Amino acid sequence: MNFPLAINTYCVIMIILNVLCGGGFMSRMNLKELRERKGISREELSNLIGVSLSAIGMYERGERIPRYWIMQKISELFSVPLGDIFFGNK
């Protein structure tokens, strides 16, 4: 099965980041803070971006790394660069 180069590159980058951060890459995520600031529930967010409620919880707790297209949707929804959401940039 062949995947586009961009998807393979994304997967490699996410794995490297997770290893470099001692498995805690997603624990630095600001998704919960952004969601609460906007007054959006986890359920509303899951409906807006098309993922399960449990997936939102896992993203917020750092238990799962979202796929790139999900990251893009979240970035667009909150009008915030991906780095600010997932890497804690200010």
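Remember, predicted model here, so these are calculated numbers, not experimental data.
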Next on the checklist: With heavy-atom distances below 4.5 Å as the criterion, would you say the side chains of Arg35 and Glu60 are in contact?
Outcome noted: yes
Checklist entry - In terms of hydrophobic clusters joined by side-chain contacts under 4.5 Å, are Ile49 and Leu53 together? => result no
Item to check | Residues which pass side-chain hydrogen bond (donor to acceptor under 3.5 Å, both in side chains) with Ser52, listed by chain and number, not counting sequence neighbours | outcome: Ser54
Next on the checklist: Would Ile40 and Phe78 count as a side chain to side chain contact (heavy atoms under 4.5 Å, CB included) here? Give the steps.
Outcome noted: CA-CA 11 Å; Ile40 298 173; Phe78 293 110; 4.0 Å; yes
Checklist entry - Taking the side chain from Ser46 and the backbone from Ile56, do they hold a donor-acceptor pair closer than 3.5 Å? => result no
Item to check | Chi angles and distances behind the side chain to side chain contact (heavy atoms under 4.5 Å, CB included) call for Ile70, Lys73 | outcome: CA-CA 5 Å; Ile70 296 170; Lys73 281 187 166 187; 5.6 Å; no
Checklist entry - Listed by chain and number, what are the side-chain hydrogen bond (donor to acceptor under 3.5 Å, both in side chains) partners of Glu44, not counting sequence neighbours? => result Ser41
Checklist entry - Does the side chain to side chain contact (heavy atoms under 4.5 Å, CB included) test come out yes or no for Val51 and Leu45, once each step is laid out? => result CA-CA 8 Å; Val51 299; Leu45 181 58; over 6 Å; no
Checklist entry - What is the distance from atom CG of Leu31 to atom CZ of Arg61, rounded to the nearest 0.5 Å? => result 12.0 Å
Next on the checklist: Side chains of Ile65 and Met71, heavy atoms from C-beta outward: is any pair under 4.5 Å?
Outcome noted: yes
